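The structure under discussion appears below in the form of structure tokens.
This is a predicted model, so every value here is computed, not measured. Each ligand, and each atom within it, is numbered from 1 in the order the structure gives. Values below: every heavy atom of this structure, side chains too, minus hydrogens, waters and symmetry copies. In what follows, residues are counted from 1 in the order of the sequence shown.
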Amino acid sequence: MEKIQDFKEYLKIPRKTVILTHFKPDADALGSSLGLAHYLKKKGHPTLVITPSDYPDFIAWMPGNKDVMIHQREKFEKSAKLISQAELIFCLDFSCLSRINDLGEMVRKSSAKKVLIDHHLEPEHFADFEQWDDTAASTAELVFKLIADLGDKNLIDADIADCLYAGLMTDTGSFRHSNTSGQVFQIASELVEHGADPYKVSKLIYDTNTLERLRLMGYVLSEKLQVLPEYRTAYIVLSAEELKRFGSQTGDTEGLVNYGLSVKGVKLSVLISDRRENIKLSLRSLGNFSVNEMARAHFDGGGHRNAAGGQTTLTLEQTVKKFLDILPLYKDQLLND
Ligand code: 5GP
Ligand code: MN
């Protein structure tokens, strides 16, 4: 099933379908999954979206949200059964099966046809059909293209368009990051023609903060943001106690790392936070400096050149030390333009 024509043929009869996306899904992960789910359901395929974990409230408005199955909240056997019974499995917005934790092995073992739709670097090749493009700004964009390639653009309604628009908007940082191509604007425009409401989507995502989240942001900016001019690096460290003090919920720290990168002269920004189960790192960079490489080499992670994530099982202090200790290895790259 390497070609779109074969895939189209395969979809001619209803297929029991499961759509999976990565741990702690963001707006692109959930938006591309729900956008695709609406489309497949319209085509007559029984479709279920499963996420490995919960996700922020500011994306839970998406049409179809109430039907999403959150694996962490269910019995292991329930997901295992659904995945083993699926005929078709879509993997959206992640490039290696370890990003979906214990669901990864279930997918590997399943005899279903597997489709990868993703824009992260260095994908693991486990799928029968790949819609993979690391130059795409978002997975939502690739779902749009898949629907277009299948000749079904006319099926894109307001629900599908809002979900896909949310992914496109957030993965380009509201059309500001270096991945904001002409094609991004073209697809955004087509989504609006099909009923996406940019005002509604941006209000729901960006203007639904809790007071605690804003207070956390204020605290981070005034007390926690560190800058190391000699490495053109900014970093923020948040302990479990600090996160608890501000009543932090899933998604509350999203976007904080970008403030570091907005400091004049800074090329690398890192947020290190203690999630209790592990230490999570969020990395952002400008230009040619690859945080994907840094996250892969030192923090069991990956992502894109300018936005990546990772984790450690060290303590928070050990993780910060490790990060500061590796900076000299990157000094030349960080100081070169
Ligand atoms: P964030 O910092 O917002 O969590 O993630 C930035 C980018 O890196 C996203 O595209 C996300 O999918 C990816 N990413 C985050 N954490 C990990 C990780 O642990 N492993 C890999 N491979 N990618 C990650
Ligand atoms: Mn994405």
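- Under the 6.0 Å cut-off for aromatic ring centres, Phe246 and Tyr219 qualify, their centroids lying closer than that.
- Less than 4.0 angstrom separates some heavy atom of Gln311 from each of these atoms of ligand 1: 19 (O).
- Within Asp93, the N, O or S atom at minimum distance from the Mn ion (ligand 2) carries the name OD1.
- Residue Gly302 has at least one N or O atom closer than 3.5 Å to an N or O atom of ligand 1.
- Looking at atom 11 (C) of ligand 1, its nearest protein heavy atom turns out to be Arg99 NH2, 3.5 Å.
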CA sep, side-chain torsions, deciding dist, call: Glu77, Lys81, salt bridge (Lys or Arg N to Asp or Glu O under 4.0 Å): CA-CA 6 Å; Glu77 291 75 21; Lys81 192 169 169 199; over 6 Å; no
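- Looking only at heavy atoms of the protein, atom 3 (O) of ligand 1 is closest to Arg284 NH2, 2.9 Å.
- Here the shortest heavy-atom distance to atom 4 (O) of ligand 1, taken over Glu254, His120, Lys24, Lys280, belongs to Lys280.
- Between the side chain of Arg15 and the backbone N or O of Tyr10 there is at least one donor-acceptor pair closer than 3.5 Å.
- Numbered from 1 in the order shown, with element, the atoms of ligand 1 that lie under 4.0 Å from a heavy atom of Ser282 read 1 (P), 2 (O), 4 (O).
- Aromatic ring centres of Phe94 and Phe23 lie farther apart than the 6.0 Å criterion allows.
- Here's the thing with His304: one of its N/O atoms is less than 3.5 angstrom from an N/O atom of ligand 1.
- Using modelled atom types, one side-chain atom of His119 and one backbone atom of Ala136 make a donor-acceptor pair closer than 3.5 Å.
- Relative to the ring axis of Phe129, Lys3 does not place its NZ or CZ within 45° and under 6.0 Å from the centre.
- Distances from the Mn ion (ligand 2) to the N/O/S atoms of Asp171 are shortest for OD2.
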